[in-house]
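Numbers for residues simply follow the sequence, beginning at 1. Just so we're clear, the structure is a prediction, and the values are computed from it rather than from any experiment. The basis for the numbers below is simple: all heavy atoms, side chains too, and nothing from hydrogens, waters or symmetry mates.
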Amino acid sequence: MDFALSTRTERLRRQLADFIAERVDPAEPVYRAQVAASGDPHFHPPVMEELKAEARARGLWNLFLPESEYGAGLSNLEYAPLCELMGQSELAPEATNCMPPDTGNMEVLAKFATPLQVERFLQPLLSGETRSCFAMTEPWVASSDATNIQSRIVRDGDHYVINAHKWWTSGAASPMCTFAILMGISDPDADRHRRHSMVLVPFDTPGVSVVRTLPVFGHDAGGGHCETLFEDVRIPKEFLLGEEGGGFAIAQARLGPGRIHHCMRAIGMAEKALRLMCERTQQRVAFGKPLADQGTIQAQIAESRIEIEQARLLTMKAAWLMDTVGAKGARIEIGAIKVVAARLATTVIDRAIQTFGGAGVSDDWPLAAMYTHARTLHLVDGPDEVHLQQIARRELRGYDSFRTVEA
Ligand SMILES: Cc1cc2nc3c(=O)[nH]c(=O)nc-3n(C[C@H](O)[C@H](O)[C@H](O)COP(=O)(O)OP(=O)(O)OC[C@H]3O[C@@H](n4cnc5c(N)ncnc54)[C@H](O)[C@@H]3O)c2cc1C
């Protein structure tokens, strides 16, 4: 395995770092002021459009799409350090059009969309004119098992009729959000992995509504995380994504790259938290010496550095495997890094909060918001336990002969 950065990645990394320092970081207070002035936490502030125009002009656009006619054509390994940098910034992912859930949706569309779907749904996302959401999770079933999804997609002549109650539909409250990729049952009698399909549902279709946004630890911002209803929604049959019964397979395909991107950004968050911890503890003096001179704090700094390096190497390995054997072959490593990166981010940010004292949990510093986001990483795209289960199952393969009791 060779994890050295390519010349192109080195150049892009420098350019991205400059863009974030020169334009994105200074825009954060402007972004917040524009949202506050609108009175709507989901307002799309004009400063974001300015950042997007600048990112495009600098060639820092759609960097996430690997080897594709639509994107920058970077491998996962090449994208990893760029995505990590974006994770250190609140606004950089959206400014560069590398923001979930659009990234996962664009990947799926790039892979499965028909020419009509490319023109209607993918192109406006690629150009940053619109945003989208992914509607899989449902309030009434354990959605960490995708085969539990109950929503119905029923064929009616040249249309499909959708009845679905979803929640945690991220991004649906954004005024830029124009459609959902929705998963539901199209054939209840089929095998449980062939029962579901995915469809593209324009948000201006009658019957689509956002019931409410779900605050996370009291925070409700950006595109929100929404409870959504789809009541007798009729869409043309041409809006079926992939084939009927292919929903589970598309869900699996969507999660591979999406998960690893979460991990890369989580490592970026941990780096930022460690940097803030080091700066702060050099400056604050307690009991006659800088906090940085306390042995316990030094141990926390050292543990954080070690854990970041470990997580980064495992992420690079997962990215390298995705590039060489594909997401399916890298499934276990992707699951492993998803667990490790979520743990890393929550642990390091938590240490940083502690070293900041009361300031750490205030809104004067980004740590509290970062912790809130990092905590959700233990749940989104499959909870930790499901990944652990997959890893354990593979580990146990080959030990069946040791069993003394039949299951
Ligand atoms: C901030 C946020 C954003 C999200 N965005 C989206 C989105 O855009 N679109 C979307 O469709 N969904 C989204 N989700 C939903 C997310 O993917 C689900 O919450 C997650 O898959 C778990 O499903 P569930 O909530 O139904 O939990 P359940 O399936 O009810 O599971 C509950 C708990 O049971 C435990 N558990 C489950 N399986 C096992 C197992 N095999 N072994 C041991 N324990 C287990 C885990 O601790 C798990 O957390 C989002 C969630 C959050 C918090």
Side-chain angles (χ1 to χ4, degrees), residues 16-37 41-43 45 47-48 51 83-95 99 215-225 262-287 289-294 296-308 311-312 341-378 380:
L16 183 62
D18 289 347
F19 173 57
I20 291 173
E22 290 163 15
R23 299 298 304 269
V24 182
D25 287 347
E28 278 186 16
V30 183
Y31 182 98
R32 276 189 219 110
Q34 289 181 350
V35 173
H42 310 296
F43 178 67
V47 69
M48 179 50 76
L51 290 176
C83 193
E84 187 184 318
L85 262 187
M86 289 177 202
Q88 300 190 26
S89 159
E90 195 186 321
L91 305 182
E94 185 174 353
M99 173 95 167
V216 176
F217 291 127
H219 294 277
D220 185 15
H225 305 287
H262 275 313
C263 300
M264 294 163 181
R265 282 188 297 268
I267 293 168
M269 283 200 293
E271 276 289 1
K272 182 172 178 175
L274 178 56
R275 174 168 55 77
L276 292 172
M277 192 178 356
C278 291
E279 288 170 3
R280 176 84 171 185
T281 54
Q282 290 284 22
Q283 287 161 359
R284 298 281 279 195
V285 174
F287 302 99
K289 56 185 179 184
L291 289 172
D293 288 358
Q294 300 287 353
T296 51
I297 292 203
Q298 287 182 356
Q300 293 196 355
I301 288 170
E303 295 285 359
S304 301
R305 170 52 59 211
I306 292 167
E307 288 159 13
I308 289 172
R312 185 181 288 121
R343 272 185 199 156
L344 170 79
T346 40
T347 306
V348 176
I349 297 166
D350 189 52
R351 285 181 191 136
I353 286 174
Q354 192 66 17
T355 58
F356 264 68
V361 290
S362 78
D363 282 351
D364 287 2
W365 294 87
L367 291 168
M370 284 163 63
Y371 184 83
T372 298
H373 177 59
R375 182 62 186 83
T376 69
L377 293 180
H378 291 272
V380 297

Starting at [atom1] of [X], measure out to [atom2] of [Y] and round the result to the nearest 0.5 Å.
X	Y	atom1	atom2	answer
Asp25	Glu90	CG	CD	10.0 Å
Glu84	Arg265	CD	CZ	12.0 Å
Ile20	Leu85	CD1	CG	5.0 Å
Thr346	Met269	OG1	CE	9.0 Å
Gln298	Cys278	CD	SG	10.0 Å
Ser304	Leu344	OG	CG	8.0 Å

Worksheet item: What residue pairs, at least two apart or across chains, pass salt bridge (Lys or Arg N to Asp or Glu O under 4.0 Å) with a residue in residues 267-280?
Response: Glu271-Arg305, Glu271-Arg312, Arg275-Glu279

Worksheet item: Going by the salt bridge (Lys or Arg N to Asp or Glu O under 4.0 Å) test, which pairs reach into residues 341-354, not counting sequence neighbours?
Response: Glu307-Arg351

May I ask you to test the [X]-[Y] pair for a side-chain heavy-atom distance under 4.5 Å?
X	Y	result
Val216	His373	no
Thr281	Ile301	yes
Phe217	Thr376	no
Leu91	Leu51	yes

Practice prompt. Examine distances only and state if a side-chain atom of His42 and a backbone atom of Gly223 form a donor-acceptor pair shorter than 3.5 Å.
Written response: no

Practice prompt. Check whether any side-chain N or O of Ser89 sits under 3.5 Å from a backbone N or O of Met86 as a donor-acceptor pair, and report yes or no.
Written response: no

For [X] and [Y], which heavy atoms make the closest approach, and how far apart are they?
X	Y	answer
Gly360	Ile353	O-CG1, 3.8 Å
Val348	Ala270	CG1-O, 3.6 Å
Ala359	Trp365	O-CD1, 3.7 Å
Pro26	Ala21	CD-O, 3.4 Å
Ala368	Ser362	CB-O, 3.9 Å
Pro45	Gln34	CB-OE1, 3.2 Å

Fill in: CA sep, side-chain torsions, deciding dist, call: Leu367, Leu276, side-chain contact (heavy atoms from CB on, under 4.5 Å)
CA-CA 9 Å; Leu367 291 168; Leu276 292 172; 4.1 Å; yes

Discussion item. Working note: Ile297 + Arg284, criterion side-chain contact (heavy atoms from CB on, under 4.5 Å); need CA distance, chi angles, decisive distance, verdict.
Written reply: CA-CA 12 Å; Ile297 292 203; Arg284 298 281 279 195; over 6 Å; no

